[in-house]
Amino acid sequence: MAKFPKKAAYVACNGGERATACRYGCMSCSSCMAACRKDAIFYNEYGAAQVDETKCVGCGLCVKACPREIIHLHVKGSPFVVKCSNRDKGAAAKNACQVSCIGCGICRKNCTIEAVKVENSLAVICEDQCLGCGNCVIQCPRGAIEDIRGIIRKI
């Protein structure tokens with residue numbers, strides 16, 4: 001029997017060019033890859049783990065295996081995720097990675113239905129409230145919020 005809603009994993013880290021300075025980011029340790037039975041995890045161009053949602057079955061084994069606890073499950077129909085786990089404030093987060101969330105709140109201010117919050121200097125999207133307009137992706141000055149479908153992109 002299928003579970004609904006269908007879930008998939010995502011890694012809350014883009015990698016970024018300076019991500020090795022981030023104490024919250026992906027360490028490229030391969031724990032998640034070893035745990036994944038569907039070969040759904042690969043490394044992006046920055047060496048951070050990424051999930052191929054077409055292969056992911058949402059079992060959560062990678063979530064349990066990640067030593068930094070930066071892999072999360074989300075509803076497959078919810079396309080927007082915060083691809084950052086850095087809880088440092090402003091300048092410290094900015095110095096750690098060029099695509100880190102700095103907790104500025106612009107995403108929250110531009111969400112017409114208040115589906116985005118900022119907690120511990122990090123944006124959080126409430127998937128059960130999100131209408132999928134993409135304002136958070138477009139307005140994020142750092143590119144920390146991503147449309148995992150690749151449809152909405154910041155120019």
Side-chain angles (χ1 to χ4, degrees), residues 2-108 111 115-130 136-137 140-150 152-154:
K3 293 180 182 178
F4 293 100
K6 296 244 182 213
K7 296 200 173 201
Y10 76 94
V11 181
C13 178
N14 274 319
E17 292 175 10
R18 298 187 315 261
T20 53
C22 180
R23 61 187 171 132
Y24 301 100
C26 179
M27 301 184 302
S28 306
C29 69
S30 302
S31 296
C32 56
M33 287 180 169
C36 182
R37 296 180 183 161
K38 297 295 182 180
D39 196 31
I41 302 175
F42 62 96
Y43 287 127
N44 68 14
E45 65 269 23
Y46 300 115
Q50 299 292 294
V51 178
D52 180 344
E53 200 169 274
T54 63
K55 293 180 180 180
C56 181
V57 295
C59 68
L61 292 174
C62 59
V63 175
K64 293 176 186 168
C66 180
R68 292 230 169 134
E69 299 177 348
I70 62 168
I71 303 177
H72 310 286
L73 292 178
H74 78 105
V75 176
K76 276 192 177 185
S78 298
F80 310 123
V81 294
V82 179
K83 297 284 284 192
C84 181
S85 295
N86 193 327
R87 294 180 295 276
D88 290 337
K89 294 184 180 180
K94 197 173 191 175
N95 289 333
C97 178
Q98 80 274 12
V99 288
S100 62
C101 178
I102 57 172
C104 67
I106 291 173
C107 54
R108 181 184 52 77
C111 182
V116 183
K117 300 183 257 181
V118 176
E119 297 175 352
N120 298 317
S121 301
L122 192 61
V124 176
I125 299 172
C126 303
E127 291 182 339
D128 59 332
Q129 296 173 13
C130 179
C136 57
V137 176
C140 178
R142 306 275 302 151
I145 302 176
E146 185 177 301
D147 178 353
I148 55 177
R149 303 166 303 180
I152 299 174
R153 294 178 189 224
K154 187 164 175 82

If you take all heavy atoms of [X] and [Y], which pair is closest and at what distance?
X    : Y    : result
A123 : I145 : CB-CD1, 4.4 Å
C107 : C136 : CB-CB, 4.0 Å
S28  : A48  : OG-N, 4.2 Å
Y10  : V82  : CE1-O, 3.6 Å
I41  : A49  : CG2-CB, 3.9 Å
G25  : R68  : O-NH1, 2.7 Å

Review point. Mind checking what makes side-chain hydrogen bond (donor to acceptor under 3.5 Å, both in side chains) contact with H72, not counting sequence neighbours?
Key: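 Residues passing side-chain hydrogen bond (donor to acceptor under 3.5 Å, both in side chains) with H72: none at all.
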Practice item. Measure the CD1-CG distance between I102 and L122 for me, rounded to the nearest 0.5 Å. Key: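 Between atom CD1 of I102 and atom CG of L122 there are 11.5 Å.
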Point to revise | Interatomic spacing from CD1 in I71 to NZ in K64 - rounded to 0.5 Å | key: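 It is 13.0 Å, given to the nearest 0.5 Å.
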Practice item. Apply side chain to side chain contact (heavy atoms under 4.5 Å, CB included) to the pair N14 and Y46, showing each step before the final yes or no. Key: CA-CA 8 Å; N14 274 319; Y46 300 115; 5.8 Å; no
Practice item. Apply the side chain to side chain donor-acceptor pair (under 3.5 Å) test between S100 and each candidate in K94, K83, R142; give the one that qualifies. Key: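 The option that passes is R142.
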Point to revise | Counterpart residues, side chain to side chain contact (heavy atoms under 4.5 Å, CB included), relative to K117 (two or more places apart) | key: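 Listed in chain order: E119, C126.
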Review point. Would one find more than 12 heavy atoms of other residues, nucleotides or ligands at under 6.0 Å from atom CD of Q129?
Key: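 Yes, CD of Q129 has more than 12 neighbouring heavy atoms, counting only those of other groups under 6.0 Å.
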Review point. Which residue pairs pass the side chain to side chain donor-acceptor pair (under 3.5 Å) test with at least one member in residues 35-44, sequence neighbours excluded?
Key: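 Only S30-Y43 qualify under side chain to side chain donor-acceptor pair (under 3.5 Å).
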Exercise for review: Test side chain to side chain contact (heavy atoms under 4.5 Å, CB included) on H74 and I148 and set out the steps.
Suggested key: CA-CA 11 Å; H74 78 105; I148 55 177; 3.3 Å; yes
Check your understanding: Stepwise, does the side chain to side chain contact (heavy atoms under 4.5 Å, CB included) test hold for R149 with F80?
Key -> CA-CA 8 Å; R149 303 166 303 180; F80 310 123; 4.0 Å; yes
Exercise for review: Please answer whether the main-chain N or O of A8 pairs with a side-chain N or O of E53 as donor and acceptor at a distance below 3.5 Å.
Suggested key: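 No, because the side chain of E53 does not come within donor-acceptor range (under 3.5 Å) of the backbone of A8.
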